[in-house]
Amino acid sequence: MKSIINYFKEIYFGLKSLVTGMRVTGHYITHPKEIITQQYPENRDTLKMFERFRGEVVLLHNENNEHRCTGCSACEIACPNGTIEIINKKVDIDGRKVKALDTFVYHLQMCTMCGLCIPACPTDAIKMANTFEHAVFDRSKLTKVLNKPGSKLMDGVK
Amino acid sequence: MDSTAIIFYFIATVMIVFSVLAVTSRRILRAAVYLLFALAGTAALYFMIDYYFLAAVQLIVYAGGIVVLIIFSVLLTSHINEKLDKPAWSKIIYTSLTLAAGLVLTLYTIYDHSFVTETSSPANVTVNLIGERMLSYGEGGYVLPFEVISILLLAAMVGAIVIAKRTPPKS
Amino acid sequence: MNALYDFSYLTGSIHEWLSERVSPHAVTIVEMILVGISFMLLFAILGIVLVYAERKVSAFFQQRLGPMRVGKWGTAQTIADVIKLLLKEPLMNKEADKFLFNLAPFVIMIAAFMAIAALPFAKGLQALDFDIGILYVAAVSSLGVIGILLAGWSSNNKYSLIGAMRSGAQILSYELSVALSLLTIVVLTGSLQLSVIVESQADGWWIFKGHIPAFIAFIIFLIASTAETNRGPFDIAEAESELTAGFHTEYSGLKFAFFFLAEFANMFIVSAIGATVFLGGWMPLHIGSWEGFNAVMDFIPPIFWFFGKVSFLIFMMMWFRWTFPRLRIDQLLTLEWKYLLPINLVNIVVMAFLGLMGWHF
Amino acid sequence: MEEIITKELESQEYFINMGPQHPSTHGVLRLVLSLDGEIIRNVEPHIGYIHRSIEKMCEHDSYQQIVHLTDRMDYLSCHINNEAVCLAVEMGLQLEVPERVKVIRTIIGELTRLSSHQLWWGVMGMDLGAITTFLYGFRDREMITDIFEETCGARLTMNYNVPGGLMFDIHPNFQKRTKDFIAHFKKKLPEYDDLLSNNVIFRNRTIGIGKLSKEDAISYGVTGPSARASGFSCDVRKHYPYSAYDKVQFKEVLRSEGDCYARYECRIDEMWESLSIIEQLIDNIPEGPFKTPTKAVIKLPKGEWYQKVETARGEFGVYIISEGQKNPYRVKFRSPGFSNLSALNHMAKDSKIADLVAIMSTLDLVIPDIDR
C-alpha cells in the first residue's frame, strides 16, 4: 500500500517540478521587455565601452603632432609577448646626439591586452584605447606603427 | 487497361523486383530494406482493394514491427562492411527447384479454380465487425487463433529474455 | 455550421469542372497530382514556418531576439537557410552504405507524407478518410523509425549507430502509449475514422466531455508524442551533448534538410492528431447553451480553429523542449513501462466504465 | 546449450573517441571510451591538445609577467589564479599588502567564483539537454563581467593583480554595481532551483550517479566543490586563509553523498556563501593605497615558495623556486582540473554515456587548466 502511495506521490511531485520549471520559462516568454540581446552592429553609435577597457595600445599625440615617448623601451621590456618594438634613432639637439624615437612598432596579433606596458611607461606616453573591432582580412595590417608620420617628442618630456 | 490495372501491375512489379532483390542481396541490411518494400507493396495492394484494416495491420505488424525488429537485430550484430557468403551452387539449384515446384503448384491451383466475379459492391468491413469477430467464439469467431498467437508471442518473449539474461561467467 | 466554410463544395466543384472536360481516368490522375502538389506545398510552408517559429519561440524563452537580420524580424531567415542547405556539398562517409545512406531521409519523408495525408484540416478538406484513420496514422508513423535506423547504421559512424539504437528502443515503446491514449477516446467515439471523431465533438471537445480520464489521456498523449517525434526532453537519438548529432551526424546539405524537415512535419502530425482527437479538430469551441458565444465561435473558419489548436500543441512541445533537461535512455524506458503504460491501461478501463455508464457528456 | 548462447552472444567492447572536438568536453579534451553497448567500461583521458608550456614560459618571464599567463590557464577563475601568483611573490618578498588590497582581492575573487559557477550552471544544464539554462547562466554572468570590465579593463583575462597590490584602484562605480548585482542575483538564484535543482528529470539524471567516496577523493587528489561533495573538508579559504578570508564569516559547504547531485548542490550553495562574503565586505573596503610600491624589476631572494588558493574548481597552488634572478628558476602550478580529471575513470566506470556527460559537467573541467 505504501509503495502505491509513493508511486503516486512521485508522479505528483515530478509533474509539479516540471510545471515549476515551465513557469520560469513561461515568465520570460511573456515578458519580452526583459530581453537582453543587443543588436551589435546597429547599436554601434550608442555602444560605449568602459573607459578602462583594454582594446589596443595607442601612442597619444596632441594637436601639434607631438607625443611623449622618449624611446626608453620600458614598455618593450615590460611586455611579456614581444608585442612592442621600439626602434630608436639619433637626432641632433643643440649639437648633441640624443636618442629619440624613430618607430613605435606594435604587433596587435601578439598582444594579450595584459596592460603591463601602461604602468611601465615613465612618461605616460601610451595608453589602452577602447577600440575592439580589430578584425582585418590581411594579417600584416595588424602590425602597426603607432607614432604618426612627422611626429616628434613633446617639449619638456624626459 | 484502366487506371486500377496500371496501378496493380505497377505494385505487383515492385513487389516481385524487391522480393527477388531481398533474397539475392548479400548485404543483410539491404535485404531487410528490400523486404520492407515488398511488404509495403502488399499493404498497398490491400489498400487498392479497400481492405484498409488489413492494410494498416500489414503496415503495423510487418513493416513497422517485424522489419524494424530485423533491422534492429542487424544493427546489433553485424558490421557495415560484412557481406554474406556466396551460396553454394548446389544450394542455388535446390532452392530454384523448390521454387519452381511451388510456382507450378500455385499457378495450377489458380488456373484450376474458376473465380466468380463479384458484381455487387464488396461487403463493408467495419471496425465494429472486425472487433466482434475477433472476440467471438461462435461461428466465424477468431478468439481461439487470437489467443494462440498471444501464447506464441509470450513464448518468443520468454525466449528473448532467456537469451538476453547474461549468465555470469563461471570462475 | 456555416455552409460557407465547407470545403467539400470547393473540392466538388473542381471535380465537376474536371469531369466535364477530360476522361474519368485523367480526372483521377489530375486530382492525384493536385493533391500531391498541395501536400508538398504544405510541407514546404510547414517547414519554413515551423523552423522560424521554433527559433523565435526558443529565443523568447531564452531572453534573446532570435533571427533578426534577414527580412523584417528575420522572417526570411529560414528561406536563406534553405538556400544555404541546398547549396551545400552533400558529403558522405567513404565506407558508408551509399544506397541506404541516400534512402534513409526519403523513408522518413515518405512516412511523414503518408501520415499527413489522412489529417482532417477542415470540413471536406481531407485527402484520405479511411474508416480506420487512427490505426492508419499509427501504422505509417511507425515507418519513420526505419529511416532513423537506416541512417544510423549506414553512416558507418559509431555515434550514429548509438543514436539509431536509442531511437529504435524509444519509438517502439512510445508508440504503445500514443496508440493507447488515442484508444481512450476511441472508446467514446466508437469509430476510428478521423472525420467521425471530429463530427462527434460538435457539441464539445472530448477533453472536456470525457472528464478526468480524457485529460489524463491527453497528458499522456502529449508526453508520448513528444517522445515519438524525437524532440527534447526525449531527444536522446540526437543528444548533441552526448552523441554530437546522433543518427544524422554524417548528413549534410539537402539530405540533412530532409531529416530536419521531417522532424517538424512529425511534430505537426502528432499535434494535428492530438488536436483532432482531444481538442475537436476543426470544430469551434462551444459552451453548453451560450447561443451567442457559440454563434461567434462558429463565425471563425474551421481551418483557423484547426491550425490554432495545432499551433497550441506545437507551442507546448516547444515549451517542453526549451525547459527540460534530457532523459537518459533507461529513464526514458522506465517512464514508458513503469508510468505511462500502466496508467494508460487503467485509464482505458476507467474510460470504458464511464462510457458504459454513460457518464460522459 | 547455455555455454553456446553465452559464447555466441558474447558482447564485444568497442572504442569511441569522445573528443578532441565534442560538445560536452568543453574544449579539446579527448576521452577514449571503451563501451559495452551504452555502458562505459573504461575512460581514458588523452590530454595535451592545448598544452602551451606555460610553466616553461614562466621561466623566461619576470614576476609581473607571470601573472598574466595564469589568466590563460583556468580562465574562469583567472583573478584567483593571478592572486595566487601575487601572493607567492609577495611571500618571497616578505611584502605586506595594504588592507584595502586584501579586501578588494577577496571581493573580486568571490565575484570570479560566482561568475565561474554561473557559467558552470548554464553549461551543466546544457550538457543535460536543457539549453535554456545556458542562456540564463550567461545572463547573470554578464553583470559580473561588466563589473570586471569597468574596474579591471577586461571581461575574461583580467590581469588585475600585480605583485604588491592591484594594477589600479577600483572604479568609483564598483561598489554600487556589485550591490546591484547581489540584489539581482538573489532574485535569480531561486530560479536556478526551479529550472534544474528541483526538476525531476535533473534529479534522476544526477542523484546516485558518479559516486566518489571521501577516501577516493583524497587519494585522487580531488579538491574544490567536487571533493567537498564527498565530505572532504578541503576549503583553502577556511583552512589556510589568505587575503581577507580570515575576517569574514562563511560556511564551508560540505555534502556527504559524493554523487553528481551533491557536487551540483555544493556549487549552488557556494554561490550563496560567496554572495554573503561579498555582502560582508563590500561596504567595509578600508581606505588606503591600492598598491605597495615594488621595484620595477622584482628579484626574489634565493629560495622556494608555495602558495595555495581556492579557485572555483579547487586548490590551485603556485610553487616558485628562485635563484635570486629576475626570472624564477622553476615554476610549478598545481591545477585543480588535472587532479579532478584523474578521478573520472573511477567515477564513470560502469555508468552510461549520458552519465559520463553529467559527471564531466559536475567535475567542472576547464581544459586549459588541465593542459597548461
Side-chain angles (χ1 to χ4, degrees), chain A residues 9-29 31 34-38 47-57 72-84 110-122 127-132, chain D residues 57-58 60-62 64-69 71-72 82 125 130 132-133 135-136 138-140 142-143 145-160 162 166-171 173 177 188 190-204 291 296-297 326:
Chain A
K9 249 189 188 165
E10 241 174 82
I11 295 174
Y12 171 72
F13 285 112
L15 282 177
K16 200 178 144 196
S17 75
L18 296 182
V19 172
T20 324
M22 283 170 72
R23 216 180 51 215
V24 175
T25 43
H27 169 85
Y28 287 112
I29 201 171
H31 291 71
E34 290 186 31
I35 286 178
I36 46 170
T37 309
Q38 295 179 11
L47 194 67
K48 201 177 166 307
M49 302 305 288
F50 295 111
E51 54 178 336
R52 284 185 188 173
F53 176 73
R54 299 198 287 257
E56 63 174 329
V57 176
C72 69
S73 301
C75 49
E76 192 177 347
I77 294 163
C79 180
N81 313 302
T83 308
I84 298 172
M110 293 199 275
C111 184
T112 54
M113 317 295 171
C114 66
L116 286 176
C117 49
I118 311 297
C121 182
K127 80 169 243 210
M128 279 288 191
N130 284 347
T131 50
F132 56 92
Chain D
M57 281 161 81
C58 291
H60 298 269
D61 283 348
S62 71
Q64 288 102 325
Q65 290 172 344
I66 288 174
V67 176
H68 99 289
L69 289 174
D71 277 344
R72 283 147 182 89
N82 293 349
T132 303
T133 61
L135 277 296
Y136 290 172
F138 263 81
R139 169 197 69 196
D140 301 331
E142 200 68 5
M143 294 189 79
T145 43
D146 275 350
I147 296 171
F148 287 158
E149 194 183 347
E150 194 171 40
T151 289
C152 316
R155 299 171 77 81
L156 191 66
T157 52
M158 277 127 31
N159 194 26
Y160 184 51
V162 290
L166 307 166
M167 200 174 250
F168 5 76
D169 205 355
I170 50 170
H171 196 273
N173 287 345
R177 263 184 196 275
K188 296 294 180 191
E191 260 179 25
Y192 286 24
D193 289 341
D194 287 347
L195 274 172
L196 286 188
S197 319
N198 298 330
N199 188 298
V200 62
I201 303 173
F202 179 82
R203 289 176 76 101
N204 279 322
K291 192 179 176 184
V297 178
K326 67 182 171 82

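Letters A, B, ... mirror the listed sequences (proteins, then strands); counts begin at 1. These numbers come from the heavy atoms of this one structure, side chains and all, not from hydrogens, waters or symmetry mates.
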Test item: His31(A) side-chain N/O and His27(A) main-chain N/O as donor-acceptor pair under 3.5 Å: yes
Hey, does Glu76(A) have a side-chain heavy atom less than 4.5 Å from the side chain of Thr83(A)? no
Taking every non-hydrogen pair under 4.5 Å, which of Asp193(D), Asn173(D), Ile170(D) racks up the most with chain A? Ile170(D)
Any donor-acceptor N/O pair, Arg54(A) side chain to Met158(D) backbone, under 3.5 Å: yes
Ring-plane angle category for Phe132(A) and Phe53(A), please: parallel below 30°, perpendicular beyond 60°, tilted otherwise. perpendicular
Would a 4.5 Å heavy-atom cut-off, applied to side chains only, mark His171(D) and Arg177(D) as touching? no
Quick check on Asn130(A) against chain D: is it the side chain, the backbone, both or neither that has a heavy atom closer than 4.5 Å? neither
With respect to chain A, which residue among Val297(D), Val67(D), Asp169(D), Asp61(D) yields the maximal number of heavy-atom pairs within a distance under 4.5 Å? Asp169(D)
All heavy atoms of Ala78(A) vs all of Cys117(A), minimum pair found to be CB-CA, 4.4 Å
Okay, Glu10(A) and chain D: the region with an atom under 4.5 Å from a heavy atom over there is neither
Taking the side chain as C-beta and beyond, is there a heavy-atom pair between Glu149(D) and Met49(A) under 4.5 Å? yes
Chain D contacts, top residue of Thr20(A), Thr112(A), Thr25(A), Ile118(A) (heavy-atom pairs, under 4.5 Å): Thr112(A)
Only pairs of heavy atoms separated by less than 4.5 Å count here; which of Leu116(A), Asn81(A), Ile77(A) has the most with chain D? Leu116(A)
Shorter than 4.5 Å, heavy atoms on both sides: which option in Val162(D), Thr157(D), Asp146(D), Thr132(D) has the most such pairs with chain A? Asp146(D)
Region of Ser62(D) in contact with chain A, defined by heavy-atom distances below 4.5 Å: neither
Does some side-chain heavy atom of Leu69(D) sit less than 4.5 Å from a side-chain heavy atom of Cys58(D)? yes
Under 4.5 Å from any heavy atom of chain A, what part of Lys188(D) do you find: side chain, backbone, both or neither? side chain
For Asp194(D), the side-chain hydrogen bond (donor to acceptor under 3.5 Å, both in side chains) test, sequence neighbours excluded, returns none
Could you tell me if Arg139(D) sits above the aromatic ring of Tyr136(D), with its cationic atom closer than 6.0 Å to the ring centre and no more than 45 degrees from the axis? yes
Any chance you could measure Tyr28(A), atom OH, to Leu135(D), atom CG, to the nearest 0.5 Å? 11.5 Å
Which residues in residues 196-203 of chain D have a heavy atom less than 4.5 Å from any heavy atom of chain A? Asn198(D), Asn199(D), Val200(D), Ile201(D)
Can you tell which of Met167(D), Gln64(D), Met57(D) has the highest number of heavy-atom pairs within less than 4.5 Å of chain A? Met167(D)
